[in-house]
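One-based numbering along the sequence shown. Remember, predicted model here, so these are calculated numbers, not experimental data.
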Amino acid sequence: TGVQTCALPILIGASDAWTRAGAILSFDWDYADLGRQCAELAIRMPPGRGLAQPVLELPRRMPHSVNLEAARHFMLTIPADLQQAARSRY
């Protein structure tokens with residue numbers, strides 16, 4: 001089975017690689033901050049609390065990237081603040 005293409009934009013991708021490939025916006029991971037956050041969770045975990053009672057948190061940082069060329073192609077405008085805050089712009 002080959003890859004199929006269509007005329008609809010991929011608005012949100014799962015990583016920066018998707019944005020480079022043509023997605024208009026994607027979210028990624030900040031692996032260094034995820035490591036720090038995991039360490040902080042481990043330090044805060046009360047003694048005796050095992051893995052049967054996990055502490056769950058969302059990642060603090062989810063950097064994003066934007067593809068301005070793809071947005072222009074589909075006549076979409078990405079707000080300036082979203083562009084400025086992006087880790088990568090294509």
Side-chain angles (χ1 to χ4, degrees):
T1 62
V3 174
Q4 295 181 352
T5 59
C6 64
L8 298 174
I10 296 176
L11 296 178
I12 299 179
S15 72
D16 185 66
W18 285 47
T19 310
R20 281 193 310 268
I24 293 170
L25 170 73
S26 69
F27 293 94
D28 215 334
W29 303 106
D30 182 329
Y31 290 104
D33 192 61
L34 277 174
R36 283 188 292 274
Q37 188 174 352
C38 288
E40 291 165 8
L41 278 171
I43 291 168
R44 289 194 324 254
M45 188 174 287
R49 183 176 181 148
L51 294 178
Q53 300 171 315
V55 176
L56 303 176
E57 285 187 2
L58 293 174
R60 292 184 291 221
R61 299 172 121 192
M62 288 191 63
H64 68 279
S65 58
V66 294
N67 187 323
L68 302 173
E69 186 177 326
R72 274 192 296 275
H73 177 78
F74 290 102
M75 294 179 276
L76 298 172
T77 302
I78 297 175
D81 59 336
L82 193 61
Q83 291 182 37
Q84 299 256 329
R87 182 193 311 189
S88 302
R89 291 178 288 287
Y90 302 100

Quick check for you: to the nearest 0.5 Å, what is the distance between [X] atom [atom1] and [Y] atom [atom2]?
| X | Y | atom1 | atom2 | result |
| --- | --- | --- | --- | --- |
| Met45 | Glu40 | CE | CD | 13.0 Å |
| Met62 | Asp28 | CE | CG | 8.5 Å |
| Leu82 | Arg89 | CG | CZ | 10.5 Å |

Minimum heavy-atom distance [X]-[Y], with the two atoms named:
| X | Y | value |
| --- | --- | --- |
| Trp18 | Gly13 | CE3-CA, 3.3 Å |
| Trp29 | Arg87 | O-NH2, 3.2 Å |
| Asn67 | Arg20 | ND2-O, 4.5 Å |
| Gln37 | Leu58 | NE2-O, 2.9 Å |
| Val66 | Gln83 | CG2-CA, 4.5 Å |
| Asp30 | Pro63 | N-CD, 3.9 Å |

If hydrophobic clusters are built from ILVMFWY residues whose side chains come within less than 4.5 Å, do Leu41 and Leu34 share one?
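As far as the 4.5 Å side-chain criterion goes, Leu34 and Leu41 are not connected within one cluster.
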Step through the shown structure and confirm whether more than 12 heavy atoms of other residues, nucleotides or ligands are within 6.0 Å of CD on Glu57.
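Yes, the 6.0 Å shell around CD holds more than 12 heavy atoms from other groups.
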Between Asp16 and Tyr90, is a side-chain contact (heavy atoms from CB on, under 4.5 Å) present by the stated rule, with each step listed?
CA-CA 10 Å; Asp16 185 66; Tyr90 302 100; 2.7 Å; yes
Tell me who clusters with Ile43, hydrophobic residues only, linked when side chains sit under 4.5 Å apart either directly or through other members.
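Reading the cluster by chain and number, Ile43 sits alone, since nothing else belongs.
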Report yes if some heavy atom in the side chain of Ile24 is under 4.5 Å from a heavy atom in the side chain of Leu76; otherwise report no.
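In short, these two side chains touch, coming nearer than 4.5 Å.
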Do we see a donor-acceptor contact under 3.5 Å between the side chains of Thr19 and Ser26?
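There is such a pair between these side chains.
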